[in-house]
Amino acid sequence: MRSEYQHLIDLNDYPVSWWKKVVELGEEIRNDPKRFAHECDGKVMATLFYEPSTRTQMSFQTAMIRLGGQIIGFDNPANSSVSKGETIKDTTKIVSSYADVLVIRHPIAGAAKAASLTADCPVINAGDGGHLHPTQTLTDLLTLKIEKGRLTGLTIGMCGDLINGRTVHSLCKALSMFENNKFVFISTPELRMPAYIKDIIKANGSTFEEVNTIEEAIGNLDVLYMTRIQQERFASREDYLAQKNTYVLDRKKMLLGRKDLIVMHPLPRVDEITVDVDDDPRAMYFTQAKYGVFVRMALIMTILQEKKPSETLKGKVYPAVKCDNPRCITNHEEYLPKSFRSKGGESLLECEYCDERKLV
Ligand code: NCD
């Protein structure tokens, strides 16, 4: 299925050269933001946030305003017709006829892809459930480029809720495309990185190991990427409480880290980094959040100026096959074509919206 608009649903829909270009433009903007103050004069960006957000939403809005454009949208679907039962299809169809670019965040995996099927303007995925968060990854790549000076040859520790954290999924998919990056996944057995992400890492020729504690990993890391335990994505409160407070980065653990380590976090932080770590020069999370504006300015400019058509669904539609993930958009919006990629013959299918696998 083809769309005449250039969407960003998953960074891996584009070649690495494209991300590099966006990140480089982000760096140029950071060095001289005023030069870009009229790049989007007269343009309108809509932010449809079906899920809470501080940084992503406000940095997108700031980015558009700093480019000379204007913003519309909602940050509480209860105040829009969504509360009356409107589908993503109808909401995005209408809003995309008002705006030049649409930024969507939704609690269900695949929602941004669903929006891109019918929108009459480019759609940017600002986080779809526990699935992906490509613009956080662009932010992270810009942070690594500026603060580490490279995107290759890095040992990256990722700690916390690796199963539900969409930021680490997107970041693994991206960093494994660069040479000689190694991953160390620090989590409890219940919160390990999903198998499909590990398969992508292996297929891209990168390596990973899985450990249980920050202490055993931190001394070898260039980057420690901390994440929040995603309370809202657990099946029950008991399951969440069993994982809460498992990983807390404090000054004592920071003593074990190298001098050139940087600590990143997409934020919000709950209790996984103690506040006294904030004064450590290796704590990079507030700077990282600031870089989000520059890279989103670069992304908005790129998408509005390139105007390339996108391939929205590349798989095959199986009308009678149901995705097994209850938190996949195809199980919430029935009209969507049930599109799957076949993996290793016809018997293993991967949902094109949420990447859940299924044997048929
Ligand atoms: C993250 C998100 O929403 O996935 N935050 C962000 O966008 N900066 C991380 C999180 O919510 O834990």
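Given the structure is predicted, the values throughout are model-derived calculations rather than measurements. Ligands are counted one by one from 1 in listed order, and the atoms in each one are counted from 1 as well.
The side chain to side chain donor-acceptor pair (under 3.5 Å) test with Q243 is passed by exactly one of T188, N164, D161: T188.
T312 contributes atom OG1, which lies 9.0 Å from atom CD1 of I9 (distance to the nearest 0.5 angstrom). Distance check: S170 OG to L11 CG gives 6.5 Å after rounding to the nearest 0.5 Å.
A cation-pi arrangement, defined by a distance under 6.0 Å to the six-membered ring centre and an angle within 45 degrees of its axis, is present between R296 and F60. A cation-pi arrangement is present between K89 and Y335 under the rule of less than 6.0 angstrom and at most 45 degrees off the ring axis.
Ligand 1 is surrounded by T56, R105, H133, Q136, R166, T167, R228, Q230, P266, L267, P268, each with at least one heavy atom closer than 4.0 Å.
Note: Y50 and H106 have tilted aromatic rings, judged against thresholds of 30 and 60 degrees for the angle between ring planes.
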